[in-house]
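Step one of this worksheet: look at the structure below.
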Amino acid sequence: MTLKRFILGVLTIAILFILSLSLIASWNQPQIQSRLELYQTNLLLHATQWEGETAQGVDFKSARETLIGVEPLKAAQKQYEQARQSAQTTLQQLLQQDTKLSPTPEKPLKATRVQTSISPKQAPLQASIQQTQQLINELDLRLGILQVEQGQTEAALKTWTEVNERVQTQANAEPAAKNATVLIGLWSSPPRLLPDAQQSINKQLDGWFRYQALTRLYQLQQREDALSKLIAAEREIAEQAVLKLAVVSAIPTLGFLIGVGLLIFLVGQRLVKGKDSLLGQNENLPWSTPWDAETIWQVFVVGFFLMGQILVPLAFFLLKVKASTFDVRGQSLYVLASYVLVALGGLLVLYFSLKAFLPLPQQEKWFQIDLSGNWFWWGLAGYLTALPLVILVSLINQLVWRGQGGSNPLLPLVLESQDGVALLIFFLTAAVAAPLFEEFLFRGFLLPSLTRYVPVWGAIVASSLLFAVAHLSLSEVLPLMTLGIVLGVVYTRTRNLLAPMLLHSLWNSGTLLSLFILGSGAK
């Protein structure tokens with residue numbers, strides 16, 4: 001065994017250990033999809049205040065029912081109850097893990113309140129416990145408002161009372177307890193108004209839930225001017241919510257239907273015409289790869305995983321740069337800088353690894369970027385066909401993971417950010433930098449290299465699996481692998497990196513647009 005192989009072996013073991021820890025850590029983290037569903041529900045609740053007025057002879061009431069449904073409050077309550085049940089299941093799992101790690105048996109909830117000596121392994125676990133408890137409290141506060149708006153006042157008072165009773169044993173739960181008390185007072189008979197009720201509502205509630213609570217408060221205080229302004233503002237927000245719902249629902253639905261049609265056409269053509277079909281192009285044509293598996297191993301261990309998991313994070317640690325201390329704009333710059341450094345390091349390692357084999361034979365079309373040809377239509381068609389495939393796999397994935405398994409940490413930042421500069425930087429990272437680097441590495445280098453050892457279809461599957469695992473979220477492995485397979489099919493048929501780059505950019509751009517719209521609509 002050479003020294004080089006020994007070093008690569010040691011690095012591989014270390015990186016596999018780090019990757020395993022990251023994937024395990026994502027096990028109990030919520031999926032972004034769960035939050036997206038709640039954000040879309042919040043947007044839908046705003047839209048319920050839109051009356052669907054008739055304008056210029058056009059009746060929008062039918063359009064209103066199509067967008068928000070016949071019983072939107074009932075549907076929203078069901079969505080929140082499912083989210084609440086999922087959070088409770090997660091909490092029980094976390095508490096069981098915490099109990100196993102505790103040196104002495106004690107009441108799990110009490111452990112979050114009383115200062116005790118905890119092991120390093122317990123610190124992040126207990127932080128997750130507190131976050132999940134806070135989420136459950138927030139969900140219950142909102143569930144109560146949904147209940148009172150459907151005439152279930154007694155059930156709502158019970159929900160809020162349980163919040164008050166539960167938070168007595170939880171750390172950092174005073175704001176939730178205060179808000180529960182405010183809401184109980186608003187809907188009690190007779191009402192009991194706390195002097196700082198408005199401040200508590202504004203601080204703890206947002207969106208439609210804040211509107212309902214403030215409406216009740218102003219009615220009880222007989223503040224007609226404040227109530228009129230609130231209703232006018234909510235009607236304006238409702239009209240905007242309807243438009244946003246149309247964008248995040250109607251446009252993807254149209255793309256989904258077109259994608260299904262394209263899939264049927266492509267598969268049918270493949271069955272009829274065989275190798276002469278669009279999918280039959282270059283179907284089994286491998287690349288002539290001059291390097292061996294050790295070079296592939298070296299590029300990914302050193303150029304991708306070592307750079308991304310060890311060297312770049314270590315550099316920021318030594319420079320005492322912590323993303324958690326930044327505002328959202330600073331975090332966006334941190335994400336972009338990290339990605340650019342990883343990409344530059346990976347491309348340098350790739351260059352020096354392949355330097356001995358340069359120049360590469362032109363007929364093999366290695367790393368080809370050609371503005372001519374039909375790459376644009378392949379990229380666009382690939383995006384449309386990926387929509388139904390990934391959506392179908394994601395639905396199955398939701399049943400398996402039940403809202404857990406983690407997500408790309410960039411997505412929650414985009415969802416909650418309304419800073420224009422930060423959003424632009426996130427866009428540059430996800431819709432420009434990521435497609436360029438990842439397609440160059442995974443489709444441009446890895447997929448063709450693997451055809452030296454496995455058939456083209458095997459190389460597509462293997463490169464897609466590594467592409468999915470590299471995102472470090474268990475719940476995203478299957479959906480991202482499906483997307484990777486579509487990217488691989490598009491690249492092998494066109495032999496032009498611009499096609500998968502366009503597909504990748506369209507996918508990330510669509511995701512960012514939906515996140516921005518949902519985030520803006522829920523505030």
Side-chain angles (χ1 to χ4, degrees), residues 11-36 90 94 97 121 124-125 127-128 131 297 299-317 322-324 331-332 334-343 345-346 349 390 393-394 397-398 400-415 426 429-431 433-435 437-439 441-443 446 461-485 487 504 507-508 511-512 515:
L11 288 175
T12 301
I13 293 172
I15 289 169
L16 285 175
F17 178 73
I18 294 173
L19 290 178
S20 299
L21 290 179
S22 299
L23 290 171
I24 292 171
S26 72
W27 184 282
N28 289 314
Q29 295 299 316
Q31 294 179 26
I32 186 65
Q33 184 63 32
S34 301
R35 296 175 65 180
L36 286 180
T90 300
L94 292 171
Q97 293 179 35
K121 291 183 179 180
L125 188 59
S128 296
Q131 291 173 1
W297 182 21
V299 168
F300 271 85
V301 168
V302 179
F304 187 76
F305 290 108
L306 181 65
M307 288 295 302
Q309 300 300 313
I310 297 178
L311 295 184
V312 171
L314 179 62
F316 281 120
F317 174 77
K322 295 182 179 179
S324 59
Q331 290 184 43
S332 66
Y334 177 88
V335 170
L336 177 60
S338 300
Y339 199 90
V340 169
L341 288 174
V342 172
V349 172
V390 176
V393 172
S394 296
N397 205 51
Q398 281 283 94
V400 174
W401 291 102
R402 298 182 181 276
Q404 297 303 117
S407 298
N408 187 329
L410 174 64
L411 301 185
L413 291 176
V414 177
L415 181 63
F426 284 136
T429 304
F437 174 58
E438 292 176 15
E439 294 313 305
L441 195 63
F442 285 94
R443 255 60 64 178
L446 179 61
V461 173
S463 60
S464 300
L465 177 59
L466 188 60
F467 168 73
V469 171
H471 287 76
L472 302 179
S473 295
L474 282 172
S475 69
E476 294 186 338
V477 170
L478 288 179
L480 286 176
M481 185 176 175
T482 304
L483 177 62
I485 289 173
L487 287 163
H504 199 152
W507 188 270
N508 286 356
T511 302
L512 291 179
L515 290 171

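Heads up: numbering here begins at 1 and tracks the sequence.
- Residue Phe316 comes nearest to Ser338 through the heavy atom pair CE1-OG, 3.2 Å, listed as atom of the first residue, atom of the second, then distance.
- When every heavy atom of Ile15 is checked against every heavy atom of Leu306, the shortest pair comes out as CD1-N, 3.6 Å.
- Ser394 OG to Leu480 CG: the interatomic distance, rounded to the nearest 0.5 Å, is 8.5 Å.
- Looking at every heavy atom in both residues, Phe442 comes nearest to Ala470 through CZ-CB, 4.1 Å.
- In this structure, the side chains of Phe305 and Ile18 stay at 4.5 Å or more apart for every pair of heavy atoms.
- In this structure, Met307 CE and Leu314 CG are separated by 11.0 Å, a value rounded to the nearest 0.5 Å.
- Side-chain contact between Trp507 and Leu487 is absent, with no heavy-atom pair separated by less than 4.5 Å.
- Atoms CG and CZ, on Leu446 and Phe304 in that order, are 10.5 Å from each other to the nearest 0.5 Å.
- Counted by atom type alone, His504 and Glu439 present one or more donor-acceptor pairs between their side chains at under 3.5 Å.
- When all heavy atoms of Ala430 and Pro435 are compared, the pair lying nearest together is O-CD, 3.2 Å.
- In this structure, CG in Leu21 is found 11.0 Å from CG in Leu472, a value given to the nearest 0.5 Å.
- Here the side chains of Met481 and Val461 are in contact, with some heavy-atom distance below 4.5 Å.
- Annotation for Val302 and Val349: closest pair CG1-CG2, 4.0 Å, computed over non-hydrogen atoms.
- The aromatic rings of His471 and Phe467 sit perpendicular, their planes meeting at an angle over 60°, well past the 30° parallel limit.
- Contact check for Phe300 versus Leu441: side-chain heavy atoms found under the 4.5 Å cut-off.
- Considering all non-hydrogen atoms of both residues, Val477 and Ala468 come closest at O-CB, 3.3 Å.
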